[in-house]
Amino acid sequence: MIGVFSDVKEDRVMEDLSTRPAQEVLDDHLNLAENWGGEGGFERILEEDIRRNVSEEIVILINRGTFHGHEGVRQLAYMLGEELPEHRSFEYTYRAVEGRMAFLEWAYEDENVRVREGADSYLIENGKIVAQTIHYTVEQKQG
């Protein structure tokens with residue numbers, strides 16, 4: 001009987017995720033991203049974010065190309081991880097959410113690189129990110 005109850009509870013959790021407003025989805029996504037270099041491990045945090053916040057049909061537009069689905073999210077996350085290898089925390093400088101749309105400006109800095117003006121936009125439907133645009137430029141610091 002316990003197994004049956006666990007399945008019902010899991011279904012309820014998934015249903016709850018689908019009813020979240022855009023603000024809640026964005027907050028969850030950003031809270032998970034804050035821990036990307038932490039003890040939880042990059043891969044585990046990434047997979048939890050994908051499970052909770054990303055549609056299987058997501059389309060991401062970035063100046064490096066167009067990426068699709070969960071595999072595209074993984075590819076971009078690993079690219080970002082290589083560009084910002086110290087995995088420090090991001091500084092979120094501006095957030096706006098209106099209806100299904102969200103916009104984020106962010107910055108990043110570590111010993112070797114900086115991003116002064118990152119910008120992401122999101123389309124969020126049924127508790128998941130279904131489309132995203134990303135723009136940032138990584139600057140190498142002069143030693």
Side-chain angles (χ1 to χ4, degrees), residues 3 5-143:
F5 179 72
S6 295
D7 291 345
V8 170
K9 184 179 177 189
E10 183 64 26
D11 287 344
R12 220 179 348 216
V13 168
M14 294 307 284
E15 181 180 314
D16 290 344
L17 290 177
S18 72
T19 62
R20 297 178 300 165
Q23 181 72 59
E24 191 173 322
V25 175
L26 181 64
D27 289 347
D28 192 35
H29 171 66
L30 298 180
N31 287 336
L32 286 167
E34 275 303 293
N35 296 314
W36 74 312
E39 293 179 18
F42 177 76
E43 289 84 8
R44 188 188 67 72
I45 298 287
L46 174 61
E47 291 306 317
E48 181 69 7
D49 187 33
I50 287 172
R51 183 185 72 77
R52 293 178 58 83
N53 299 313
V54 179
S55 167
E56 292 179 16
E57 289 82 36
I58 190 170
V59 175
I60 305 169
L61 306 175
I62 183 172
N63 61 351
R64 295 161 178 80
T66 301
F67 294 79
H68 299 270
H70 288 173
E71 192 53 41
V73 172
R74 288 182 189 99
Q75 289 174 334
L76 283 171
Y78 283 102
M79 287 169 52
L80 183 66
E82 288 176 12
E83 291 176 319
L84 312 176
E86 291 185 30
H87 295 193
R88 299 254 178 101
S89 292
F90 296 99
E91 177 188 355
Y92 302 127
T93 56
Y94 181 77
R95 299 181 209 200
V97 178
E98 182 68 35
R100 303 176 305 152
M101 294 295 303
F103 178 72
L104 173 71
E105 287 183 343
W106 56 275
Y108 173 91
E109 188 166 355
D110 65 30
E111 296 298 319
N112 299 303
V113 300
R114 90 171 44 93
V115 175
R116 294 178 200 261
E117 297 177 343
D120 297 8
S121 62
Y122 304 85
L123 176 62
I124 301 168
E125 296 177 340
N126 301 317
K128 302 274 185 167
I129 302 166
V130 297
Q132 183 175 0
T133 64
I134 305 170
H135 176 75
Y136 64 93
T137 301
V138 178
E139 301 173 11
Q140 297 295 323
K141 290 183 171 179
Q142 301 301 321

**Message:** To check you understand the geometry: which heavy-atom pair defines the closest contact between Ala22 and Gly99, and what is its length?
**Reply:** CB-O, 3.3 Å
**Value rounded to 0.5 Å, distance of CZ in Arg52 from CG in Leu32** = 6.5 Å
**Request:** Would you check, one step at a time, whether the test side-chain contact (heavy atoms from CB on, under 4.5 Å) holds for Asp49 with Val73?
**Result:** CA-CA 10 Å; Asp49 187 33; Val73 172; 5.9 Å; no
**Partner of Val130 by side-chain contact (heavy atoms from CB on, under 4.5 Å), out of Glu56, Arg100, Glu57, Glu125** = Glu125
**Request:** Could you list all the salt bridge (charged side-chain N to carboxylate O under 4.0 Å, His left out) pairs where at least one residue sits in residues 70-84, not counting sequence neighbours?
**Result:** Glu47-Arg74, Arg64-Glu83, Glu71-Arg74
**Request:** Report yes if some heavy atom in the side chain of His68 is under 4.5 Å from a heavy atom in the side chain of Gln75; otherwise report no.
**Result:** no
**Message:** Can you tell me how the ring of Trp106 sits relative to the ring of Tyr136, calling it parallel under 30°, perpendicular over 60° and tilted otherwise?
**Reply:** tilted
**Request:** Using the six-membered ring wherever Trp is involved, compare the ring planes of Tyr122 and His29 and label them parallel, tilted or perpendicular (cut-offs 30° and 60°).
**Result:** perpendicular
**Prompt:** Ignoring hydrogens and geometry, is there a side-chain-to-backbone donor-acceptor pair from Thr133 to Leu61 under 3.5 Å?
**Reply:** no
**Asked** If you take all heavy atoms of Ala107 and Arg116, which pair is closest and at what distance?
**Response** CB-O, 3.7 Å
**Request:** Report the relative orientation of the aromatic rings in Tyr108 and Phe90; use parallel for angles under 30°, tilted for 30 to 60°, perpendicular for over 60°.
**Result:** tilted
**Item:** Working for side-chain contact (heavy atoms from CB on, under 4.5 Å), residues Ile124 and Asn53
**Value:** CA-CA 9 Å; Ile124 301 168; Asn53 299 313; over 6 Å; no
**Prompt:** Quick one: CD on Glu105 to CZ on Arg95, what's the gap to the nearest 0.5 Å?
**Reply:** 12.5 Å
**Message:** For the backbone of Gly127 and the side chain of Arg20, can you confirm whether one donor and one acceptor N or O come within less than 3.5 Å of each other?
**Reply:** yes
**Message:** How long is the straight-line distance from CD1 of Ile62 back to CD of Gln132, given to the nearest 0.5 Å?
**Reply:** 8.5 Å
**Glu117 atom CD: more than 12 heavy-atom contacts under 6.0 Å** = no
**Request:** Would you sort out whether Leu123 and Met101 count as a side-chain contact (heavy atoms from CB on, under 4.5 Å), showing the intermediate values?
**Result:** CA-CA 5 Å; Leu123 176 62; Met101 294 295 303; 3.8 Å; yes
**Message:** Test your reading of the model: is there a side-chain donor-acceptor pair from His135 to the backbone of Asn63, 3.5 Å cut-off?
**Reply:** no
**Complete:** CD1 (Ile50) and CD1 (Ile58) are apart, to the nearest 0.5 Å, by 9.0 Å
**Message:** Please evaluate residues Glu109 and Lys141 with respect to the criterion salt bridge (Lys or Arg N to Asp or Glu O under 4.0 Å), reporting the C-alpha separation (whole Å), side-chain torsions for both, the decisive distance (0.1 Å), and the verdict.
**Reply:** CA-CA 10 Å; Glu109 188 166 355; Lys141 290 183 171 179; 2.7 Å; yes
**Message:** Any side-chain to backbone donor/acceptor pair from Asn31 onto Asp27? Under 3.5 Å, distance only.
**Reply:** yes
